[in-house]
Structures are given as C-alpha cells and as structure tokens.
Amino acid sequence: MENKFSTWQIAKIRLGMPFSRYLLLFSLPATLMGLAAGLTVWFLVSSETGTLGSLLIILAFPVLGLSATLVYPVTQVSAEAIQIEQDMHMFMTRMGILSMGESAEKGMFDVLKEMGDYGALAKEIQAIETLVSKWHTNLPDAARIVGKQSPSEIWSDFLDRMAFSVEVGQPIGEFFVSENETFEQAFTTIYDARLEQLDTLRETFVSLTTTGLLLMVVSGLHLILFQVGGEADDWLDILIRSRWVLLTGGLFALLQFGAWYLFTLVIPDEDLFAKHGYNTQQAVEIRRAWIISGVLGAVMLLLFILFIAWYGLGFLIDNWNYIGLLLIAVMMSPLMAPALLTLQEEARVRRRDEAFPEFIRAFGGTAQARAQEPSAMVKALSGIDFGALDDSIMNLEKRLSMRINSDYSWNWFAADNNSMMVSRFTRVFIEGSSSTGEAGLVGDQVSQSTTTLLGLRQRRQISANVMRSVSYGLLIAMIIALNITTSIISGLGETIAQVASGLVDSSGEAGTAAAGVDIALPVLGETTGVDQNIAVFQLIGSFLIVVTIFALGLITARIRGGGTTLVLGQMIQMMWLAGIANFVSSWILEQSVGLFQSAA
C-alpha cells in the first residue's frame with residue numbers, strides 16, 4: 001500500500017495516548033529506576049572499577065530502561081501483525097465460503113458481527129465498521145485508512161485491493177472468492193518463513209545460554225579466589241562479596257526470558273482447545289484435577305515446613321547440592337495431575353482434528369445429495385469410521401433426533417471435541433451451507449482449508465519436538481557444567497586452605513607466609529569464607545536451572561500451542577531430570593575430586 005505509515009508511526013498511534021504522556025508515565029519512571037539500579041550496582045563494585053567503568057555502570061541501567069520503553073511499542077506492533085496474519089487464514093476461508101451465497105452482497109459487516117474470537121483481526125474489522133457506520137465514511141476510504149495504520153503488510157495490501165475492487169464496481173462477493181483462491185498459498189509461504197526464523201532463534205538461544213554458562217563459571221572462580229570473608233559475616237556481607245555472581249545470574253535470567261519474548265514475537269499464539277462455556281466431562285475432570293493438585297500442594301508445603309523444623313535450615317543449605325533440585329521437583333509434582341489430563345486431552349484433540357476434514361467433506365456430500373433433516377444425514381454417516389470423532393458424531397445424532405435446537409446441538413458437538421479448529425470450521429460450514437445451499441461445495445472447501453492447516457501444524461509440531469529435545473540436552477549440559485564448576489571450586493577451596501596453612505616463611509614459621517601472597521590471591525590469606533561462597537554459588541546455580549526450565553517450558557508452549565498448562569508436565573519432568581542428574585553428577589564429581597586430592 002502506498003503512503004503506509006512506518007512501524008514507529010503505527011506504534012505511536014496505537015499507544016492510546018500522546019507520545020509525550022507516554023514518555024512521562026512510562027519512560028521517565030523506567031529511566032529513574034534504572035538510574036537507581038545503576039547507582040546501587042556502582043556502590044557495590046566501586047572498589048573494583050575505575051572512573052570510566054563506574055560511569056558506564058551508572059549510565060548502562062537507565063539507558064536500558066529508556067530503550068526498553070521505546071522498543072516495547074514496536075515489538076507489540078510486530079506481535080499484532082503476526083496475530084493478524086495468523087487469523088487471516090480463517091477469515092479468508094469464511095468470507096470465501098459466505099461469498100458463494102448472498103451474504104457478501106448484504107455487506108461484510110453483517111456476516112462478521114460475531115468475530116470476537118479473531119483477536120487483533122477483529123479489532124481491524126471493527127475499526128472499518130466504526131468508520132463506515134458512525135463516521136459515514138465510504139467503504140473504500142475506510143479500508144485505506146485502516147490499512148495505512150495496520151501493523152500487517154499483508155492485511156494492508158488486502159484492504160487496498162478490496163478498496164480498489166469496490167471502487168471499480170466489482171461485487172465484493174466475487175472479490176473474496178478470487179482472493180481466497182490465492183491467499184492460501186501466500187499463507188503457507190508466511191508460515192514456512194516463521195518456522196525458518198524459529199530455527200535461527202533456537203540456535204541463537206543455545207549460543208546465548210552457552211555464553212551465560214561461561215560467564216557463570218568465570219564469576220564463580222572469581223568469587224572463590226578473590227572474594228574473602230569471615231565466619232561472622234552476615235547475609236548482607238555475603239551478598240555484597242557475591243555481587244559479580246549475582247549480576248551474572250541476573251543477566252543469565254534476563255537472557256532466558258528475553259529469548260522467550262523473542263519467540264513470542266516470531267511465533268503466533270495458536271489456540272488448540274476450544275473456548276466454550278459448556279460443562280463437558282473434560283472441563284469437570286480438569287477442575288477436579290486442579291482441586292486435587294491444590295490439596296496435595298498444601299500437604300507438600302506442610303511436610304516441607306516440618307522437614308525444616310526437624311532438620312533445620314542449615315542441613316538443607318549444607319546438602320543443597322544433592323537434594324535442592326530434587327526437593328523443588330517434589331514440591332512441583334502435584335501439578336502433574338492437571339498436566340497429565342491436559343496432555344491426554346491434547347492427544348485426543350489432535351486425533352479429532354485429523355479426522356475432521358473427512359467428516360465434514362462426507363457430511364457436506366450427504367447433505368447435498370439427500371437434502372434430509374440434519375439428524376437423518378448424521379445417522380447416514382454412523383456406519384463410517386471417523387476415528388476419534390465417532391463418539392461426538394453419535395452424541396450429535398442423538399441431540400438432533402431429540403429435536404434439540406440445531407445450533408445448540410452443533411455447539412455441543414464443538415464442545416465435545418474441545419478443538420478450536422473444529423469449533424471454528426464447524427461454524428463456517430453451518431453458516432456457509434445455510435446461506436449458499438451448496439453443502440457439498442462448502443464441505444469440500446472447509447475440508448481443503450483444514451487439511452492445509454493440519455499440514456502446517458504438523459511442521460510446527462516437528463519444530464516443537466526438536467525444541468524439546470534441545471531443551472533436555474541443554475539442561476543436562478548446564479547441570480553438568482555448573483556441578484563441575486562447583487566441584488572444582490570446592491576442591492580449590494579445600495586445597496587452598498591446606499596450602500595457606502602450610503606455607504612457611506623465611507624464619508621457618510608455618511602459616512605466616514600467606515600474608516605475603518594474599519595480594520596476588522586474596523583467598524590464601526583468608527579462607528574462612530570459602531564455604532559460604534561455595535554455598536552461594538550452588539544456590540544461584542540451582543536458581544538459574546529453575547529459571548532455564550521455566551523459560552524452556554514457555555518457549556515450547558509457544559511453539560507447540562495449546563497454552564501453558566500443556567507444558568507443566570514437561571517442566572516437572574525436566575525438574576526431576578535436573579534433580580536426578582544433579583545428584584548423580586555431584587556424587588560422581590565428589591568422588592573424582594576426592595581421588596584427585598588424595599593423589600595430590
């Protein structure tokens with residue numbers, strides 16, 4: 001579209017307020033908070049940084065805060081563009097089918113008045129309707145106005161073509177039919193491009209995680225060798241001397257969730273389960289599972305409190321490297337109840353989706369050939385095996401035979417299947433067949449569109465499985481790397497303590513020579529804080545493992561589709577894997593380091 005606004009202009013328009021007010025309400029507080037954070041960090045590390053380093057630290061945080069508030073509106077525009085393009089496939093299919101009858105001739109807005117579940121695309125349609133109905137703008141001008149301000153290039157070009165076709169007198173029904181024939185190929189190209197970007201992001205994520213691990217190792221060695229303390233130090237003193245490890249850990253966590261946010265900008269959210277208000281058996285079971293999960297979680301919390309009261313917090317900290325992650329896995333285990341139910345339902349929904357194209361094509365052909373009442377047409381298909389849809393088809397036939405309202409029966413059919421794709425395309429089929437009278441042709445088009453969508457979804461599922469495999473490998477590598485670092489640090493601490501106590505000065509007095517070498521290696525002069533430093537590094541390492549598990553789970557949920565509950569089971573499995581791998585690797589490394597120390 002010519003004269004289309006730039007992304008930055010669109011972002012400012014969609015702020016919902018003047019840009020100066022946005023700067024005052026959001027950018028200024030973020031900058032001040034960044035400045036406060038910069039001053040705090042500078043205060044903690046000022047003894048080890050020069051003038052230039054101090055200036056960079058103080059200014060880095062406010063610059064990051066200001067940049068984040070300026071970049072956020074642009075990223076939101078990109079996310080809306082992706083969501084619009086995702087919903088355009090369903091929109092074009094629906095309008096292409098409705099255009100075969102008289103609905104398109106009556107006006108686009110009359111048939112799209114129930115498009116609330118189309119998300120960002122529904123807002124675009126509503127903006128055009130507002131300009132036409134309330135501001136008395138003609139349809140071509142309204143389409144061009146909205147297109148100029150739309151974040152999606154594809155949607156803008158579509159509105160521009162629609163405006164031109166209406167101006168030259170082409171019926172809007174013919175326009176939608178012709179557009180529907182060409183859009184499906186364009187949608188496939190867009191989907192493939194998103195998946196290619198996903199592969200690039202996955203490789204970048206692995207590289208950033210590896211870099212973060214390297215920084216953690218370096219900061220851990222720095223903590224042990226160059227940061228000293230005494231047994232009387234309180235927790236604030238320990239945190240201050242652990243500042244570089246804390247900063248590295250914070251940066252690592254920021255990279256993890258930043259990577260997840262980038263994945264959300266590239267991969268559109270895809271609803272797998274239907275949104276309905278019917279009290280189906282699956283909905284009842286999920287509610288019961290969450291209640292059971294809450295009760296078990298409360299019991300686990302009580303047992304944890306009793307455990308701490310009996311053994312003491314010191315026992316937990318001393319043995320954290322062995323039981324810490326296992327304890328977190330045990331605390332998370334009650335969430336497996338709703339996660340497993342959701343996982344089972346996902347498998348059933350995907351099987352129903354795969355059987356739906358055959359069913360809707362057969363039903364359309366039967367309706368076109370026999371022209372009987374709906375219950376008889378559904379009953380005629382009872383002898384055909386439609387796999388996972390058989391139970392839902394049987395229930396649909398019973399409701400229609402009992403003379404229950406047809407729309408209500410079909411809505412229950414969609415609710416029983418619990419599939420967003422089945423729900424949407426069933427509605428399209430019912431609307432299209434009633435408005436056109438060509439049930440067979442409508443069934444064929446719906447079947448073709450759903451088959452295309454299922455093919456694209458299978459490619460997305462492959463990417464999700466690859467990401468899941470990468471997640472497990474990355475998690476194990478991260479645990480082993482942190483445990484090796486911890487073991488080396490622990491071994492160094494004990495060895496350094498022995499060396500420091502055994503140093504002999506020129507007068508032959510043991511231990512006093514440490515005062516001469518602690519300038520190069522401070523820990524040789526003071527080893528009492530080594531155990532505290534090791535405990536801090538272990539706790540931060542476990543925290544980062546938990547952060548990585550949650551970030552990987554959210555990324556997989558975005559790629560896979562279906563919501564976060566679907567990957568709760570994966571998160572818990574990864575947590576158990578992390579706990580077991582951490583325990584085994586820690587034990588093996590401790591035995592190895594013990595042999596090494598004995599040999600020394």
Side-chain angles (χ1 to χ4, degrees), residues 198 202 205 209 253 256-257 259-261 263-264 267-276 280-304 324-351 353 418-420 457 460-476 478-479 542-582:
L198 175 61
R202 183 172 59 245
F205 176 76
T209 302
Q256 296 292 307
F257 287 106
W260 163 74
Y261 186 66
F263 274 94
T264 63
I267 302 298
D269 191 15
E270 184 176 13
D271 293 323
L272 179 65
F273 302 111
K275 298 177 181 178
H276 57 79
T280 61
Q281 182 65 27
Q282 174 65 20
V284 173
E285 291 177 355
I286 286 293
R287 286 198 297 269
R288 290 174 180 173
W290 278 110
I291 293 174
I292 294 173
S293 177
V295 173
L296 291 177
V299 173
M300 288 291 185
L301 181 60
L302 179 61
L303 292 177
F304 174 73
L325 292 178
L326 285 174
L327 185 61
I328 297 175
V330 171
M331 297 295 293
M332 290 180 61
S333 293
L335 294 175
M336 281 296 291
L340 287 177
L341 281 180
T342 307
L343 187 63
Q344 294 173 359
E345 181 64 11
E346 181 211 15
R348 290 192 290 265
V349 167
R350 293 190 184 276
R351 289 198 299 268
D353 288 345
N418 197 25
S419 167
M420 178 62 77
R457 184 183 287 180
R460 183 166 178 165
Q461 188 69 14
I462 292 173
S463 297
N465 292 335
V466 172
M467 187 65 202
R468 183 176 182 179
S469 301
V470 171
S471 300
Y472 282 108
L474 191 62
L475 179 64
I476 293 176
M478 180 178 178
I479 291 171
S542 299
F543 168 75
L544 294 182
I545 290 174
V546 174
V547 168
T548 302
I549 289 175
F550 275 91
L552 289 172
L554 292 174
I555 291 173
T556 305
R558 187 69 174 195
I559 301 174
R560 189 175 183 175
T564 307
T565 306
L566 195 58
V567 295
L568 270 179
Q570 176 185 329
M571 291 181 182
I572 298 172
Q573 291 173 8
M574 293 176 68
M575 189 62 68
W576 274 105
L577 177 64
I580 295 173
N582 182 71

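Predicted model only: the values in this text are computed from it and were never measured.
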Give the minimum heavy-atom separation between [X] and [Y], together with the two atoms involved.
{"X": "Gly579", "Y": "Leu326", "answer": "C-CD2, 3.6 Å"}
{"X": "Arg202", "Y": "Ser463", "answer": "NH1-O, 4.2 Å"}
{"X": "Ala578", "Y": "Leu475", "answer": "CB-CD2, 4.1 Å"}
{"X": "Val567", "Y": "Ala557", "answer": "CG2-CB, 3.5 Å"}
{"X": "Ala339", "Y": "Gly569", "answer": "CB-N, 3.3 Å"}
{"X": "Gln282", "Y": "Leu341", "answer": "NE2-O, 3.9 Å"}

Just so I know, are the side chains of [X] and [Y] near enough to count as touching, which here means a heavy-atom distance under 4.5 Å?
{"X": "Phe273", "Y": "Glu346", "value": "yes"}
{"X": "Leu272", "Y": "Arg350", "value": "yes"}
{"X": "Ile555", "Y": "Thr264", "value": "no"}
{"X": "Ile267", "Y": "Arg460", "value": "yes"}
{"X": "Leu568", "Y": "Met332", "value": "no"}
{"X": "Gln256", "Y": "Phe205", "value": "yes"}
{"X": "Leu554", "Y": "Phe257", "value": "yes"}
{"X": "Asn418", "Y": "His276", "value": "yes"}

Problem - Pair Leu343-Gln570, side-chain contact (heavy atoms from CB on, under 4.5 Å): steps then yes or no - result: CA-CA 10 Å; Leu343 187 63; Gln570 176 185 329; over 6 Å; no
Drop me the distance from [X]'s [atom1] to [Y]'s [atom2], to the nearest 0.5 angstrom.
{"X": "Ile559", "Y": "Asn465", "atom1": "CD1", "atom2": "CG", "value": "10.0 Å"}
{"X": "Met574", "Y": "Ile479", "atom1": "CE", "atom2": "CD1", "value": "8.5 Å"}
{"X": "Gln573", "Y": "Met571", "atom1": "CD", "atom2": "CE", "value": "12.0 Å"}
{"X": "Met300", "Y": "Leu335", "atom1": "CE", "atom2": "CG", "value": "10.5 Å"}
{"X": "Arg558", "Y": "Tyr261", "atom1": "CZ", "atom2": "OH", "value": "10.0 Å"}
{"X": "Leu296", "Y": "Ser333", "atom1": "CG", "atom2": "OG", "value": "10.0 Å"}

Exercise for the section: Kindly check if the number of other-residue, nucleotide or ligand heavy atoms within 6.0 Å of CZ (Phe543) is above 12? Expected result: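 Incorrect, the count does not exceed 12.
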Exercise for the section: I would like to know whether Glu345 and Arg348 meet salt bridge (Lys or Arg N to Asp or Glu O under 4.0 Å); could you show each step before the answer? Expected result: CA-CA 5 Å; Glu345 181 64 11; Arg348 290 192 290 265; 2.8 Å; yes
Practice task
Show your working on side-chain contact (heavy atoms from CB on, under 4.5 Å) between Asp353 and Arg457 and close with a plain yes or no.
Solution key: CA-CA 11 Å; Asp353 288 345; Arg457 184 183 287 180; 2.6 Å; yes
Exercise for the section: Output, in order, the C-alpha distance, side-chain angles, deciding distance and verdict of side-chain contact (heavy atoms from CB on, under 4.5 Å) for Trp260 and Leu552. Expected result: CA-CA 8 Å; Trp260 163 74; Leu552 289 172; over 6 Å; no
Problem - Backbone N/O of Pro334 and side chain of Ser293: donor-acceptor pair under 3.5 Å - result: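 At least one qualifying donor-acceptor pair exists.
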Exercise for the section: List the steps, then state whether salt bridge (Lys or Arg N to Asp or Glu O under 4.0 Å) holds for Glu270 with Arg560. Expected result: CA-CA 8 Å; Glu270 184 176 13; Arg560 189 175 183 175; over 6 Å; no
Problem - Step-by-step side-chain contact (heavy atoms from CB on, under 4.5 Å) determination, Leu325 to Trp576 - result: CA-CA 8 Å; Leu325 292 178; Trp576 274 105; over 6 Å; no
